[in-house]
Each structure stands twice: as C-alpha cells, then as structure tokens.
Amino acid sequence: MNKMAKKVILTGDRPTGKLHVGHYVGSLKNRVELQNSGGYDTYIMIADMQALTDNARDPEKIRNSLIQVTLDYLAVGIDPKKSTILVQSQIPALSELTQHYSNLVSMSRLERNPTVKNEIRQKNFGQSVPAGFVMYPISQAADITAFKATTVPVGDDQEPMLEQTREIVRTFNSVYDQQVLVEPEGYFPPKGQGRIPGLDGNAKMSKSLGNAIYLSDDADTLSKKVMSMYTDPNHIHVEDPGQVEGNTVFTYLDIFDDDKDHVAELKEQYRHGGLGDVKIKRYLNDVLQAKLDPIRTRRNEYAQDIAGVYDILKQGSDKANVVANQTLKEVRDAIGINYFD
Ligand code: TRP
C-alpha cells in the first residue's frame, strides 16, 4: 500500500570520532541539499551498532562520539525539523531484519565485498576478524530497507553496500514472493569532488592518518593546519614555477572556493612563478575560515545544550521505530512467522 511515492533518504555514519571536512564534501553537503530540497523524507542514522562491530571492547569511544557526530550534523545544517536523526542501537527492528537477511546471503558473498576487504586489511584484525564486522553490510541493508529508502547519499566507498542491499531486496522479494522491500540507489558527489586529500597530500583524509581538518576545529587550529599543508615540494622560491596538479592547496581551492575564475588566475600565476606558498595558503585559510565559521558557530550553540541534543536523538529514534516496526511486521508476514496474528 504505497501512499504517495515520496522518495526516502536514509544514510548515516559510524560514530568513531568527530567528522571532518572529508565527510563534509563526501556526503554531508549532499544530504543537507537533499534535505532542503523538500522532495524527500530524510532519515539520518548514527550507526553505533556498526561502529561496535570493530570497537566492541571500547564502547566508551562510541558513546562519546555519538554526541560529537550529532553536533557535527546539526552544525552543517541537518535540521531536526526536516530530517529524522536516529540512533541505530535504539531501533530493535534493525537487528531482527539483519537476522532474517543474513539467511539469504552466503559467506562467500560477504567475503567478496571490496570495501570490507580493504577495511579488514587496514584494521589489522589478524586471525580475529569479528563475525559481526564481516556481517555489517547485511546490517546496513537492514538500515536502508527498514525505512524503504530510495536514495542513499554516501561516499563512493559505500557502493558495495548498496549493491549488497539491492541483492538482498531482490532475493527477499523473490523468495517470499512479495514486493515488501524497496531497492535503493546511491547518491554520490559529482565526479572528482567527493574526495578530499589529507593535509599531507595523502589521497584520503582520516583520523588515523592524523591529516584531517575537523568541522569542530577552532579558527586557530584551522589556520595552523592550513599553513602546514603539503604543496609542491619543488616550489622552493617564490619566483619558481610551481605545480598545481596534486598540490593539496589547489585541490582544496577547487573544492571550497566558489570564485572559480579567481582560482584559475591563481593557478596560472603559480605555474608561471611569482606566487608564494605562504600567500596562497593564507588565501586558502580565508576561504576555509569563511566556509567553516558558520558551522563552528552553530556547533558551539548546540554544544551549550547537550541534554537538548539527546532529546533530538530520542525523538528521532521514537519516530524511526514506528517506521522500522511497520517494515518488520511486513517482513514477518512475508516469511509467515506471524503465528498469533
Ligand atoms: N557504512 C557507513 C560508513 O562507514 C555508515 C552506515 C551505516 C550507513 N549504516 C548506513 C550509510 C546506512 C548509509 C546507509 O560511513
């Protein structure tokens, strides 16, 4: 019984630390735009259960990050009046859905997931990869399908999760011969704009590499980070011709400076020689401060009232439970384990 075919967004993050500008360009920016477009029911999930799949022995980290990530969301403009912000662990239906779906996915299929494979390599689990970790794409399929999401704004490393989700949806609907679940689509940043290198020029910005600019960095921290950024190592004297490609400062300007003509001029000047690194970094600092200042201010405002932030999460989770429980009921009905109805 489809009401109006309103599109539904579901997306989320693992609370394992504060969010950085890589998260912002990779996904948060898109979410805010989609939310404000008004064309979607929007659910934003703090995936604490998924974070626990590789942090089970350090739940305090996850608990602390829960509130930090929520502050980051509110700071960038996710608006609890327009979007439902929910906490994964507070939605019991998700765990039961995960269980039902896990029966439809083979072990070898799980082991083929390229993103999970990469993570397993990076996290040095050795012989002790937690079973829950290998399973998290199934739980992510539960997150997405519980809300019948049509649209999942994420970074491009999440494509394998969407692929897995679509497979589960198709298998479920065909095995139980019902159109209960909805196939989602990913919604990715424009090509070449979804990924921002770290301060050190490493292709990935991440907490573990220590090369991130956090949404919560104060003005001073931000300018120190900008001044330390990797540029062209062969650009030694101001008058030397410099390289723009692979130069982190210019990559950031491409992403954050709205004045593209000015960026083009600066690039030209840098290539020719005569534009010093300090000067270009100061300029980037101004651009970034202007972008991040309103985010910072809003974050600090919300941080004054942490009880209010928990309240936002509680209300969002209550609302989400109604929707997820309805989907779970349809899933149980489809399987036929509704003995007492
Ligand atoms: N796997 C996502 C990440 O690491 C987080 C996540 C959990 C998620 N559940 C989700 C993303 C559902 C989109 C939809 O960033």
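For ligands, and for the atoms within them, numbers begin at 1 and follow the listed sequence. We use all heavy atoms of the structure for the numbers below, so side chains are in, but hydrogens, waters and symmetry mates are not.
- Salt bridge status for Asp258 with Lys291: present, with a side-chain N to carboxylate O gap under 4.0 Å.
- For residues 302-318, every residue pair satisfying the salt bridge (Lys or Arg N to Asp or Glu O under 4.0 Å) rule, not counting sequence neighbours, is listed here: Lys314-Asp318.
- His100 has its ring centre no less than 6.0 Å from the ring centre of Phe172.
- A cation-pi contact, defined as under 6.0 Å to the ring centre and within 45° of the axis, links Arg14 to Tyr136.
- Within the 4.5 Å cutoff, side-chain heavy atoms of Asp254 are placed close to those of Lys267.
- Judged by distance alone, the side chains of Tyr270 and Asn247 do bring a donor and an acceptor atom under 3.5 Å apart.
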Note every protein N or O atom lying under 3.5 Å from an N or O atom of ligand 1, pairing the names and giving the distance.
| unit_1 | atom_1 | unit_2 | atom_2 | d |
| --- | --- | --- | --- | --- |
| ligand 1 | 1 (N) | Gln50 | OE1 | 2.7 |
| ligand 1 | 1 (N) | Gln140 | OE1 | 2.9 |
| ligand 1 | 1 (N) | Gln158 | OE1 | 2.9 |
| ligand 1 | 4 (O) | Arg14 | NE | 3.3 |
| ligand 1 | 9 (N) | Asp143 | OD2 | 2.8 |

